[in-house]
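The structure under discussion appears below in the form of structure tokens.
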There are 4 protein chains.
Amino acid sequence: MAGSSIGTIFRITTWGETHGEGLGVVVDGCPAGLSITQEEIQQFLNRRKPGQSKYTTPRKEDDQVEILSGIFEGKTTGTPISMVVYNRNQKSKDYSQIKDIYRPGHADYTYDAKYGIRDYRGGGRSSGRETIGRVAAGAVASKLLEELGITISTYAREIGGISIDIERFQKEEIFRNPFYMPDKEAAVQVQEYADRMMKEKDSMGGVIECVVEGLRPGIGDPVFEKLDANLAKAILSIGAVKGFEIGDGFAAASSNGSVNNDAYCWQDGRFIKKTNHSGGVLGGISDGSPLVFRAAVKPTPSIAKTQSTAGKDGEEIELSVKGRHDPMIVPRAVVVVESMAAITVADGLLMNMSASMDSVKKIYE
Amino acid sequence: MAGSSIGTIFRITTWGETHGEGLGVVVDGCPAGLSITQEEIQQFLNRRKPGQSKYTTPRKEDDQVEILSGIFEGKTTGTPISMVVYNRNQKSKDYSQIKDIYRPGHADYTYDAKYGIRDYRGGGRSSGRETIGRVAAGAVASKLLEELGITISTYAREIGGISIDIERFQKEEIFRNPFYMPDKEAAVQVQEYADRMMKEKDSMGGVIECVVEGLRPGIGDPVFEKLDANLAKAILSIGAVKGFEIGDGFAAASSNGSVNNDAYCWQDGRFIKKTNHSGGVLGGISDGSPLVFRAAVKPTPSIAKTQSTAGKDGEEIELSVKGRHDPMIVPRAVVVVESMAAITVADGLLMNMSASMDSVKKIYE
Amino acid sequence: MAGSSIGTIFRITTWGETHGEGLGVVVDGCPAGLSITQEEIQQFLNRRKPGQSKYTTPRKEDDQVEILSGIFEGKTTGTPISMVVYNRNQKSKDYSQIKDIYRPGHADYTYDAKYGIRDYRGGGRSSGRETIGRVAAGAVASKLLEELGITISTYAREIGGISIDIERFQKEEIFRNPFYMPDKEAAVQVQEYADRMMKEKDSMGGVIECVVEGLRPGIGDPVFEKLDANLAKAILSIGAVKGFEIGDGFAAASSNGSVNNDAYCWQDGRFIKKTNHSGGVLGGISDGSPLVFRAAVKPTPSIAKTQSTAGKDGEEIELSVKGRHDPMIVPRAVVVVESMAAITVADGLLMNMSASMDSVKKIYE
Amino acid sequence: MAGSSIGTIFRITTWGETHGEGLGVVVDGCPAGLSITQEEIQQFLNRRKPGQSKYTTPRKEDDQVEILSGIFEGKTTGTPISMVVYNRNQKSKDYSQIKDIYRPGHADYTYDAKYGIRDYRGGGRSSGRETIGRVAAGAVASKLLEELGITISTYAREIGGISIDIERFQKEEIFRNPFYMPDKEAAVQVQEYADRMMKEKDSMGGVIECVVEGLRPGIGDPVFEKLDANLAKAILSIGAVKGFEIGDGFAAASSNGSVNNDAYCWQDGRFIKKTNHSGGVLGGISDGSPLVFRAAVKPTPSIAKTQSTAGKDGEEIELSVKGRHDPMIVPRAVVVVESMAAITVADGLLMNMSASMDSVKKIYE
């Protein structure tokens, strides 16, 4: 089926595999007249590049994005923006070991069951590199939102069970440690834990938090195109993500109405909420408060530590995955979460333009 | 925008408001030849009927579903199935109090911001009654899955912070207490807590868990039509849901690869996973294990307890919501979660039919 | 599959069969704040009512439309508009004759081949009554377009091979004869031919022409959401339509570039085209001229005249279809063509709102 | 908006402009296990290559297709197939003349009106080269259909008003003359007329006919996903196409029911129609007869002959378009029509797989 696209108006279609020629994306429906350059997109992409620290694997991939269409004299033309990153540094032989083995935690078995065919080289379409297209598109969506005064901030709230402390929260710290944690001390603890995990040849997971500010109320469509429902789908579509929550999320489940309700008040000629337990969305529509949501990322499945599994013919196998892999996915996933958030919010915003006859008349003249 | 539909092949479109003539749904794409009766659908719907206990509000709504098309001589014809439930017991005057007030925790403000118009009578399209259409459609989807040996079980795993105990898990208990809890003792504790909350004019939330068994591997489409991504969207689209997790979910975030990975083994001529941390989905595709996911439900926003809020003109108001409302949403939401799960799995299953040339040839002859 | 819906933003979902409880439509994505009443919609629907003359069959159907949701205090709320017309005058026994026969020119055989099940009562989903939902939705779309200064005029350009004469074209004539022809003399000739056809128990086809005025340039999206491509789909989806052409259509095929090109000139501060061979669309986008297109309608398949055909078991049968049927479809189809045009143009117009950053900023403020 | 995609299950997304880096397509939803090679796709593409005769412009474009993903060891993997053709032979300076002029018959003005921005270099997204993506995708779809015994034949039925003669119809002739006409004599007449037109610096249009054989009945979904409705949209989306008709098309409009109806008969254990006025589709569903439809192609707008038009500032201009252009579009469009037909039929066929519970059970086991 057409699983490679997401979005209704601002629609992206990604393509490519780890060991194919390259990976890319087609961004369709971006309004014309948006200023954007290859450098801006490249900058965004670089945030996902491995080899940024010893905690993410040393694959020095040279991911240079090329814009093949859709931008003319520095502005989008309204026609589809096609971008590609060519694969230069993928080694097939590293993966021959697992050609006939189902690796635990990976989609090997599920792909075989679905298609009867499996491209065993590096995970194919379920690999981490598949996110290149998402991030390139995310760069464009972010620029669009910026033009409208909407900003997004994403970071690791927790890694390996070690949480940041709100009291020590410093936005600038996000880009100063390899874990994208806005808390210096927590980052140090994570480093120690990570060193231990690497010795034990194991891996660790985490929680990524994303905050969208400046989004005016009214974005999102009941009943099934709710903003938080679309965010959930976009985020869960990222490999290794196993949970999504918005506002107080699962904590709201054990709360009470008198506490969880955000009361309104009037301030500076605007309605604002005194608290933000809702996380910025009520009834599926943005409520004017910052959007706050979290994604649960499972530990990297590929570990050098020995695991029991079975081969294609049913025989029991002790597997120790050689080759290159990340001890933690979270740092690389931060910009992917941010990209999917930008894409989803942009789409919702564009969909909202026709919500009332007043808006329609404003445009149609 | 077209927010009233969800699904690609098995597609449902709901319509209706609390104080309109009625509510309904159009189910499109259900394969022809499925045996289904009005009684079966009614039975499913009755699980959401309020008035089942003193813990859900005493609105004795008489929700009888009528089938207007799509079923002929007891079987689906392949044409759209239209179903309606007429509104018989809605009192407008109960809601006049809040005509010009933004109730905390409700979508009043967000609807106004979006449309410039708001039907204040009972929550309109964001009301709990909107779920009637979903559940009627869910009945059809469930029947379809049953025919293929797939069953779904849904229950309250936690209410008001009180969790079930796995050791005391009894499936039959689900339908014996008003909370749909599979643990008799926990249900009693919840009852005590609920009584206390009702005295305090407050409300409570909970967590609903859903288990799908019998789903063969291969269902779900990478990259954006992943089964868990679509489930997340379907579940988050339910009012009052603030979180979704699958398998170990957020617990996986603090786990390690060696623990979280489900190893394969060969048993009775089939591949099975020894554990199920993944919750039945890997790489977005069903892996043969039971699908296990959870939804976080926030406390009912409408409470009689006094809250501070603001009116349309900015003035501060002390609000005590009269009228009829549930102290807890969870019990009514259980069948809604099950319905959305059935609809999503059915759609994924039908989408999967064209995954390989072998399947295509089997059908095309 | 989900074949019951059409449109991206302004999206309609029809449901119902001739011999089910009723027929209806859900209109989703209509902007909030549009003034519309049941009377306006009923008026539109009445244009398709049979029994308007002796040339359309004497089924005095009492097609009263009911609005079940989406309109509050005389304006659309932005939530889906559900409308239904109940079946009151359908006789099953008239169709028992053809229960096991494949009628020539009808979808009997194709439905059986597709579903393995066929509701033989009156054509089910392929019946003319299926258009009720389209027309009710068309009424809403037409109102929306009217509010923006866009008007649509539809009429029979040709029936039974008898064409109108442009020199005698009179818009008011359209509603003065039973054939919706804007040429009095041609209408008389058609009447004579129709009388002859009815004696011979045969039927006749025709060509419907539709003109949309006031549509500003820029509506339609390259590459696959072209305005004329979407119109073609919408029009071909109407039963009995076998052709679509826009502007000079098939006549352009034998023309030359020097003749067919519409040259531009500047008039009253606007660009206009001196001619309109294009029919109002260039490159799939409206060009400011009136939209002019035509639909070819085949002769009614159901005729009392004896035809040879085969029964389900292969036996040869001489069939003379009793029961009620129209000697010509064209007059009833005129408002259906107009409805589909309105729906398609409305959807294109709403999709166009996000075409440029300038428009987006205008709305987002 | 997302106008760059078409299809529900077999879905294609094209991208690229004449003067960008390249043009391409992403084909999503092609079942896994289909054998296809770069040579097969290239062969298909070569049919659209200009420079095949003196009647199509002498742009010796070297359109080599590269497969960037989706095919592994000679078979489709079920993941998206991305293909690209790089632009090597486009000269910008040829088009500087028309930077500030609206060329008659082109989408210059409409693009400006829509986006406020126009890439004037060679027609951008409305250029003939945009069809490269469609044809590459068409090659894949054709292969899929071939595997199921479905074949497509497309040819010019009429050019410049000169029609083929059915009596002289010879399928092999299609590939023996530069016009793709299956009638040798007609081709000679067209040649003479074309020579005359080139002298007069004018252009000519034509009608393309397409026949699909081997399609079993049952493909297509009522009400809005009718096979002929989808074909109409796909064909009208091709630049320069101004009309679509199926079966007898516009001729049916002046026919009678007794003639136009196709009677059934039983032959060799199958139901067949004695005639094929319907063109292979009834009630929007394939009826077992060959699918026969036609596309009306207007004359090439770009002609060297002098035309009056207006410039951006309203001034009157006499325009004689220099640069390279085709005196007739029809020959190049033949394979584009065939491609869109293949894509549409393939999508319909895949959508049909879930039409009945019998089919679903066959696959689900």
Side-chain angles (χ1 to χ4, degrees), chain B residues 1-5 7-34 66-73 75-84 86-87 111 114-121 124-126 130 133 347 350-351, chain C residues 1-5 7-34 66-73 75-84 86-87 111 114-121 124-126 130 133 347 350-351:
Chain B
M1 208 235 106
S4 303
S5 300
T8 303
I9 298 193
F10 189 95
R11 187 175 183 83
I12 80 171
T13 303
T14 65
W15 55 268
E17 287 126 26
T18 320
H19 289 85
E21 287 275 332
L23 297 106
V25 62
V26 179
V27 177
D28 200 8
C30 183
L34 175 69
E66 288 186 43
I67 298 171
L68 302 182
S69 69
I71 297 179
F72 180 56
E73 294 181 348
K75 290 191 188 243
T76 54
T77 58
T79 60
I81 303 165
S82 180
M83 299 180 275
V84 65
Y86 291 103
N87 283 327
Y111 267 61
K114 183 176 183 69
Y115 296 115
I117 275 183
R118 174 169 77 95
D119 182 343
Y120 61 83
R121 305 169 298 164
R125 196 77 171 125
S126 72
E130 173 269 314
D347 192 34
L350 295 182
M351 283 203 283
Chain C
M1 208 237 108
S4 303
S5 299
T8 303
I9 299 193
F10 190 94
R11 186 175 183 84
I12 80 172
T13 303
T14 65
W15 56 268
E17 288 126 26
T18 320
H19 289 85
E21 287 275 331
L23 297 106
V25 62
V26 179
V27 177
D28 200 7
C30 183
L34 175 69
E66 288 187 43
I67 298 171
L68 302 182
S69 68
I71 298 180
F72 179 58
E73 294 179 349
K75 291 192 187 240
T76 54
T77 58
T79 59
I81 302 166
S82 180
M83 299 180 276
V84 65
Y86 292 102
N87 283 328
Y111 266 61
K114 183 176 183 69
Y115 295 116
I117 274 183
R118 175 170 75 98
D119 183 343
Y120 60 86
R121 305 170 298 166
R125 196 76 172 128
S126 71
E130 174 270 312
D347 192 34
L350 294 182
M351 282 204 283

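Just so we're on the same page: letters track the sequence lines, and every chain starts at 1.
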CG of C:Leu23 to OG of B:Ser69, rounded to nearest 0.5 Å, is 8.0 Å

Value for OG1 (C:Thr79) from CH2 (B:Trp15), rounded to nearest 0.5 Å, stands at 11.5 Å

Interatomic distance, CD1@B:Ile12 vs OG1@C:Thr13, rounded to 0.5 Å, equals 11.0 Å

For B:Ser4 and C:Asp28, the nearest pair of non-hydrogen atoms, with its separation, is N-OD2, 2.7 Å

Okay, C:Ile67 and chain B: the region with an atom under 4.5 Å from a heavy atom over there is backbone

